[in-house]
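Step one of this worksheet: look at the structure below.
Order of appearance sets the numbers: ligands from 1, and atoms from 1 within every ligand.
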Amino acid sequence: MSEIIRLREFLDELIPSEDQLQRLYQNFCLQIRKGLGSKTNKEASTKCYLTYVQDFPTGNETGKYLALDLGGSKFRVLLIILKGDHDAEQISKTFELTETELLGSGPHLFDFIAKCLHEFVCENKLESENLPLGFTFSFPCIQTGLTKAILLRWTKGFNCSDTVGEDVGTMLKTAIARRSGLKIEVVAILNDTTGTQMSCAHRNPPCHIGLIIGTGCNACYTESVDNCERLEAKYKDKPKIIINVEWGAFGEKGGIDHVTTEYDRVIDKNSLNPGAQLYEKMVAGMYLGELVRLAMLRAVNENLVFSQCRLRKPITDILTKKPDCIATKVLSDIANDKGDDWPAVREVFKQVFNLNEPDPEDCKKFKYVCDVVVKRAGNMLGVTLAALVNKVGEHFTVIGVDGTVYRCHPNFDGYMRETLDKFVDQEYKYDIMLSEDGSGRGAALVAAVVHNDRMERSRGP
Ligand code: GLC
């Protein structure tokens with residue numbers, strides 16, 4: 001049997017069958033139903049948080065807004081100018097987050113945010129303007145309105161003390177108030193998925209789903225208020241509301257065990273949050289490179305890769321002792337490789353393993369392992385997305401997407417569509433649209449629609 005076929009067999013558990021995907025679909029739909037119900041929400045893994053975003057952009061929004069974007073590997077401050085006619089301009093500044101911000105105290109993190117905001121406001125001479133601000137805070141929160149969001153847990157690489165159970169809006173306002181001279185009104189707190197949906201809907205109104213496949217992974221969608229048992233009656237005069245599914249947590253109450261492998265269990269065990277965000281750990285950028293490392297390590301130990309390589313022992317040592325030695329970005333670089341002698345794989349082998357003259361067979365195999373891991377993620381995401389397209393139940397649904405994994409990996413879109421096409425009901429059509437900076441523009445749009453709504457209400461009927 002050729003080695004590549006043996007490798008294919010060895011990786012079989014990372015290749016979900018039709019039947020497994022079908023079960024994934026059913027289990028996910030059940031979790032959504034439970035998440036929406038008031039009595040069943042407690043037992044649901046996907047909590048289906050109410051975002052209180054009930055107004056959608058028309059494209060005519062105008063005005064100047066500030067936005068903060070916290071939730072990925074970097075923090076950003078933005079000034080967005082909505083110009084009407086579906087148009088917008090923006091200036092932004094990115095700030096690196098160090099371990100002190102990611103793993104320090106909450107008050108420190110919020111002071112850091114206020115400091116960056118202050119710097120940005122001064123640099124852009126905005127001190128004298130009283131600007132509304134939208135805060136994209138991409139972690140699971142219970143919202144009781146647009147400006148009140150209680151943090152339930154940190155996800156991805158964050159774990160700050162003294163924040164879980166606190167209102168993020170208050171923490172931000174207090175930190176801003178500690179810096180005199182900032183005249184800012186926090187008008188909305190939102191998730192990055194909501195921002196993505198709003199920014200795509202600004203250009204393309206049938207955008208009913210927002211999706212992020214970056215460091216973390218999550219989706220939101222437009223639901224009828226009638227299906228939201230947990231929504232207070234006073235919000236039911238509007239027909240729709242965006243639901244933040246928080247599907248990263250899918251699996252915490254079962255539902256994905258049948259597709260979970262030993263690699264997934266190791267990733268979970270070594271993570272900052274064992275037992276939590278199990279679906280996210282199979283599909284998001286923070287974990288895909290690590291999945292490849294673990295699969296490669298086992299494949300090397302089984303003599304399926306590097307079997308003839310003189311550096312086999314040091315390579316095994318690196319794979320064993322250096323978690324995160326394979327960055328998720330590498331998976332995209334390799335898939336983007338156009339040359340037929342694997343230049344990107346060679347580069348990774350050189351950088352990570354000090355290996356200069358690899359056997360072409362090993363290059364081919366490494367590329368294959370990367371592909372299997374990415375395809376599994378894309379295929380599974382297509383299934384859960386299809387469930388949302390069917391749940392939205394519109395003839396045509398645009399899925400707005402953002403996130404580095406989706407943007408940079410040339411095959412991700414195709415892998416997602418493969419299963420979307422199988423699982424979306426025939427009566428519905430869908431399309432996928434890349435968001436233009438969902439987190440920033442989306443935050444400004446939420447701020448704008450809230451502002452317009454308030455103006456309308458104050459004018460009366
Ligand atoms: C994590 C967060 C979620 C966010 C996603 C993408 O899953 O919990 O709120 O939307 O990452 O950034």
Where the side chain of K391 meets the backbone of Y221, is there a donor-acceptor pair that is under 3.5 Å apart? no

Can you tell me if T194 uses its side chain to pair, donor with acceptor, with the backbone of L190 under 3.5 Å? no

Can [X] be said to touch ligand 1, with heavy atoms closer than 4.0 Å?
X: R153; answer: no
X: G248; answer: no
X: C217; answer: yes
X: G214; answer: no

Sequence neighbours excluded, the answer for salt bridge (charged side-chain N to carboxylate O under 4.0 Å, His left out) partners of D337 is none

Looking only at protein heavy atoms, identify the closest one to [atom] and say how far it is in Å.
atom: atom 3 (C) of ligand 1; result: E246 OE2, 3.3 Å
atom: atom 10 (O) of ligand 1; result: D192 OD1, 2.6 Å
atom: atom 1 (C) of ligand 1; result: E280 OE2, 3.1 Å

Could you go through residues 84-92 and list every donor-acceptor pair under 3.5 Å that involves a side-chain atom there, pairing it with any protein atom two or more places apart or in another chain?
residue : atom : partner : partner atom : Å
H86     : ND1  : H202    : O            : 2.6
E89     : OE2  : K83     : NZ           : 2.9
Q90     : NE2  : D437    : OD2          : 3.0

Run L151 and F158 through side chain to side chain contact (heavy atoms under 4.5 Å, CB included) and show every step you take. CA-CA 12 Å; L151 176 66; F158 286 74; over 6 Å; no

Mind checking whether N191 has an N or O less than 3.5 Å away from an N or O of ligand 1? yes

With nothing but distance in play, are any N or O atoms of K156 less than 3.5 Å from an N or O of ligand 1? yes

Under 4.0 Å, heavy atoms only, figure out whether ligand 1 is touched by the backbone of A284, its side chain, both or neither. neither

Can you confirm whether or not the ring centre of F366 sits under 6.0 Å from the ring centre of Y368? no

Between Y428 and F396, does the ring centroid distance fall short of 6.0 Å? no

Numbering as shown, the atoms of ligand 1 that approach [X] to under 4.0 Å (heavy-atom distance):
X: Q277; answer: 7 (O), 8 (O)
X: I212; answer: 6 (C), 12 (O)
X: T155; answer: 1 (C), 2 (C), 8 (O)

Parallel, tilted or perpendicular, as decided by the 30° and 60° cut-offs, for the rings of F137 and F135: tilted

Side chains of R265 and T260 in contact at under 4.5 Å (non-hydrogen atoms): yes

